[in-house]
Amino acid sequence: MKEKELRRSLSVLPIGTVMKLTDLSARQIRYYEQQGLVIPERNEGNRRMYSLNDIDQLLEIKDYLGEGINMAGIRQLYEQQQQKEESAKNKRQQQPLTDADVRRILREEFKAVGGLSDGTTRLSVRNQEL
DNA sequence: CTTCTGACA
DNA sequence: TGTCAGCA
């Protein structure tokens, strides 16, 4: 199963292809990179080259944003996922993000934003669920 | 032609 | 986030 993982890690897709596959604008894809998520490789000409894993990563980010979580929240989400993978690396198995993780992030998000109105509407709804 | 960085009517 | 400029 290592061959498969290798292919998914190969950065061979230009941003144009990623745009079509993720339905995200180049602006968004580059912005997410600035925010520290999905940092693609660069080819000889400084062009961004993405891997299939990067595509999944972006698709995942798109979902989270749709749920009302912002850049900072997603960043925290990944920091934890990385911690989980590391702690799990010793146990042989990696744990997916639990619902509790997402809840905590949302709670922190709501606390940070203060529960205002702009584009945070979905968050307030979420907060009630928490 | 495609992508890159920087900037903002 | 969109979009336009000026390069590469």
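The chains referred to below are lettered A, B, ... by the order of the sequence lines, with proteins before strands, and numbering in each begins at 1. The figures that follow rest on heavy atoms only: side chains count, while hydrogens, waters and symmetry mates do not.
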In this structure, how many angstroms lie between the [atom2] atom of [N] and the [atom1] atom of [X], rounded?
| X | N | atom1 | atom2 | result |
| --- | --- | --- | --- | --- |
| A/Met19 | B/dC4 | CE | P | 10 Å |
| A/Ile15 | B/dT3 | CD1 | P | 7 Å |
| A/Glu44 | B/dC4 | CD | C1' | 15 Å |

Which of A/Gln95, A/Glu86, A/Glu60 passes side chain to side chain contact (heavy atoms under 4.5 Å, CB included) with A/Gln81? Answer is A/Glu60

Please check if A/Met49 and A/Ile39 belong to a single hydrophobic cluster, counting links between Ile, Leu, Val, Met, Phe, Trp and Tyr side chain heavy atoms closer than 4.5 Å. no

Within residues 33-42 of chain A, those residues having any heavy atom closer than 4.0 Å to DNA chain C are none

Check this for me, if you would: do [X] and [Y] make a salt bridge, where the nitrogen-to-carboxylate-oxygen distance has to be below 4.0 angstrom?
| X | Y | result |
| --- | --- | --- |
| A/Glu85 | A/Lys89 | no |
| A/Arg104 | A/Asp101 | yes |
| A/Glu67 | A/Arg103 | no |

By the Watson-Crick or G-U definition, both distances under 3.5 Å, B/dA9 is matched with none

Watson-Crick or G-U counterpart of C/dA8, or none if no pair lies under 3.5 Å: B/dT2

Side chains of A/Arg42 and A/Asn46: is there a donor and an acceptor less than 3.5 Å apart? yes

Please enumerate all protein N or O atoms sitting under 3.5 Å from an N or O of nucleotides 1-4 of chain C, with distances to 0.1 Å.
from  : atom 1 : to      : atom 2 : distance (Å)
C/dT1 : OP2    : A/Gln28 : NE2    : 2.4
C/dT1 : OP2    : A/Tyr32 : OH     : 2.6
C/dT1 : O5'    : A/Gln28 : NE2    : 3.0
C/dT1 : O4     : A/Arg27 : NH2    : 3.3
C/dG2 : OP2    : A/Ser25 : OG     : 2.7
C/dG2 : N7     : A/Arg27 : NE     : 3.0
C/dG2 : O6     : A/Arg27 : NE     : 3.2
C/dG2 : O6     : A/Arg27 : NH2    : 2.7
C/dT3 : O4     : A/Arg27 : NE     : 3.0

Quick one: is A/Arg47 getting a side-chain N or O under 4.0 Å of the B/dT2 phosphate, OP1 or OP2? no

So A/Leu106 and A/Val102, do their side chains get closer than 4.5 Å, heavy atoms only? yes

Rounding to 0.5 Å, atoms OH (A/Tyr31) and CG (A/Leu24) come to a distance of 14.0 Å

